[in-house]
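Throughout, numbering of the chain's residues begins at 1 and tracks the sequence. These figures come from a predicted structure and were not determined experimentally. Hydrogens, waters and symmetry mates are skipped; everything else that's a heavy atom, side chains included, is used.
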Amino acid sequence: MVRANGAVSLRELARVVQTSEVTVRRDVRALEAEGLLDRRHGGAVLPGGFTRESGFPQKSHLATAEKTAIADLAAGLVEEGEAIVVGAGTTTQELARRLARVPGLTVVTNSLLVAQALAHANRVEVVMTGGTLRGSNYALVGSGAEQSLQGLRVSRAFLSGSGLTAERGLSTSNMLSASVDRALVQAAAEVVVLADHTKLGTDTMFQTVPTDLITRLVTDEPPAHDDRAATELQALADQGVQVAIAGASGGGSAGGDAVPGRPPRRDVPLPGPRRSQIQGGPQLRTATVLGEPPTGERARVADLRRR
């Protein structure tokens, strides 16, 4: 499967071979010792995969259910008549399919897949960057793409990537893609990162968005045994990133007195060590989910950016 797809998740492996993720993880560790693959957080890649980027066909089959849930939650952030930028990626493509229902929306993108998803949307204007087509992910990159973004100002940027850590922020494996993503960030007042749990704790070559510029993270709930992802989520929250967990209690659809079209303001406990392991200790920290303003230094930075 790794040879065919370039990368595979442990969850998908466990489903295909009908065994537990614990068993799969042990076997993957043995295969790595034989030099047949490299382990990555939440999955495995071909040897030397740190610098290798999987193409769109391979990425589109990884964590599909998680990407769908993330896109559902992220779409609730977007309001009628808003102007946003959406970067390239399989998760952002899922988001674009849901944005087709938001009237009066203007979407700036360098992704052919995002533009295609919105091509027939009623009352949604799509603005594409210039640039050179990068066939592996159907995105426009290069100086043409970056220059077309100069002078642009929108409310939010929705970006994905190859890895996300609290230390370096969002990163990707390709230099040209990273450069365009940085230009997209400069055009937005807020940055929303869409990343499933397999990317948490993964660090790739080129930084696109440092942690202090990430306003929100929309992700899925890591498996109970995935302490690394839980630790990374807590570290991101400690640095002021607002974390929204798709599928978690309180992280789903709006209810009560919520504003229509916008997710409710709630505090969602971050996944972490099993509660039985921390009974009697300090309570789990919480990350403010969707709608809470930044505080402290982040508030000052946000104010300067608005000016």
Side-chain angles (χ1 to χ4, degrees), residues 7-16 20-22 24-25 40-44 54 58-78 86-87 89-99 158-166 169-171 191-204 209 211 214-237 241-254 263-264 266-275 284-290:
V8 68
S9 70
L10 294 180
R11 184 174 294 177
E12 179 67 9
L13 279 172
R15 184 188 67 79
V16 170
S20 68
E21 287 188 39
V22 173
V24 168
R25 185 177 291 104
R40 289 291 177 266
H41 180 56
S54 301
Q58 291 78 30
K59 291 180 180 179
S60 63
H61 291 97
L62 293 175
T64 53
E66 291 85 348
K67 292 173 183 176
T68 298
I70 290 168
D72 285 339
L73 185 55
L77 282 170
V78 183
V86 179
T90 53
T91 310
T92 52
Q93 181 189 25
E94 287 295 326
L95 171 64
R97 290 173 177 149
R98 287 146 183 82
L99 296 180
F158 291 88
L159 299 176
S160 187
S162 302
L164 177 65
T165 65
L170 190 66
S171 62
V191 178
V192 181
V193 170
L194 312 181
D196 65 78
H197 74 272
T198 64
K199 297 177 181 178
L200 297 175
T202 298
D203 196 7
T204 52
V209 190
T211 306
I214 299 174
T215 310
R216 295 184 174 96
L217 165 65
V218 185
T219 186
D220 62 295
E221 188 164 12
H225 61 267
D226 196 344
D227 292 339
R228 180 178 176 182
T231 300
E232 205 68 50
L233 277 179
Q234 186 65 71
L236 287 162
V241 177
Q242 299 175 39
V243 178
I245 302 175
S249 174
S253 59
R266 299 181 181 177
D267 286 339
V268 176
L270 292 176
R274 280 175 276 222
R275 294 184 182 274
L284 285 175
R285 298 176 187 230
T286 59
T288 305
V289 177
L290 309 181

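- Side-chain atoms of His197 and Pro223, non-hydrogen and from C-beta on, do get closer than 4.5 Å to each other.
- Proximity of a side-chain donor or acceptor of Arg15 to a complementary backbone N or O of Arg11 within less than 3.5 Å is not detected.
- Taking CG of Leu73 as the reference point, atom CG of Leu95 lies at 10.5 Å (rounded to 0.5 Å).
- In this structure, the separation between CG on Leu159 and OG1 on Thr91 is 11.5 Å, given to the nearest 0.5 Å.
- Rounded to the nearest 0.5 Å, atoms CZ (Arg97) and OG1 (Thr92) are 10.5 Å apart.
- Side-chain polar atoms of Ser160 and Lys199 form a donor-acceptor pair below 3.5 angstrom.
- Remark: Asp203 CG to Thr165 OG1 distance equals 4.5 Å, nearest 0.5 Å.
- With hydrogens and angles ignored, the 3.5 Å screen pairs no side-chain donor or acceptor of Thr202 with any backbone N or O of Gly163.
- Proximity of a side-chain donor or acceptor of Thr211 to a complementary backbone N or O of Ala166 within less than 3.5 Å is detected.
- Residues Leu13 and Arg25 are not in side-chain contact: their nearest non-hydrogen atoms beyond the backbone lie 4.5 Å or more apart.
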Evaluation steps, side-chain contact (heavy atoms from CB on, under 4.5 Å), between Glu66 and Thr198: CA-CA 10 Å; Glu66 291 85 348; Thr198 64; over 6 Å; no
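- Shown here for Ala246 and Ile70, the closest heavy-atom pair between the two residues is CB-N, 3.9 Å.
- Put simply, the side chain of Leu99 reaches to within 4.5 Å of the side chain of Val86, judged on heavy atoms.
- Among all heavy-atom pairs drawn from Ala74 and Leu194, the shortest one is CB-CD2, 3.6 Å.
- Across Asp72, Thr90, Asp196, a single residue satisfies side-chain hydrogen bond (donor to acceptor under 3.5 Å, both in side chains) together with Lys67, and that is Thr90.
- Note on Glu94 versus Arg98: salt bridge recorded, some NZ/NE/NH1/NH2 to OD/OE distance being below 4.0 Å.
- Side-chain contact check for Leu164 versus Thr219: every heavy-atom pair is 4.5 Å or farther apart.
- Of the possible polar contacts, one joining the Thr215 side chain to the Val191 backbone as a donor-acceptor pair under 3.5 Å is found.
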